[in-house]
Amino acid sequence: MESVGRSDSERLVRFEAVLAGLLTEQESVGATLEGLRAQGKTRTATYQQLTARKLALKSMLAAFEEQGLL
């Protein structure tokens, strides 16, 4: 059985990995949207889906920001 300290530190590492993944995805989605806008493809299904994902990511990251984690 793992000690509580080790479990907490592993949990923190996983938490930080999830946060880093969300930030990376936010950057990627933004860049893709920018490229689609430059191509005039703002009415495509992909653009609409990415816009929805961008808003979802923004909402998730706002919770981290409210807690002073960003």
Short question: side chain of S59, backbone of L55 - any donor-acceptor pair under 3.5 Å?
-> no
Are there more than 12 heavy atoms of other residues, nucleotides or ligands under 6.0 Å from atom CD of Q39?
-> yes
Heavy-atom neighbours of Q48 CD exceed 12 at 6.0 Å | yes
Students should find that the hydrophobic cluster of M60, defined by side-chain heavy atoms under 4.5 Å apart, otherwise consists of L12, F15, V18, L19, L22, L23, V29, L33, L36, Y47, L50, L57, L61, F64, L69, L70
Could you tell me which residues satisfy side-chain contact (heavy atoms from CB on, under 4.5 Å) with R14, sequence neighbours excluded, listed by chain and number?
-> E10, R11
Between CD on residue Q26 and CZ on residue R53, distance to nearest 0.5 Å | 10.5 Å
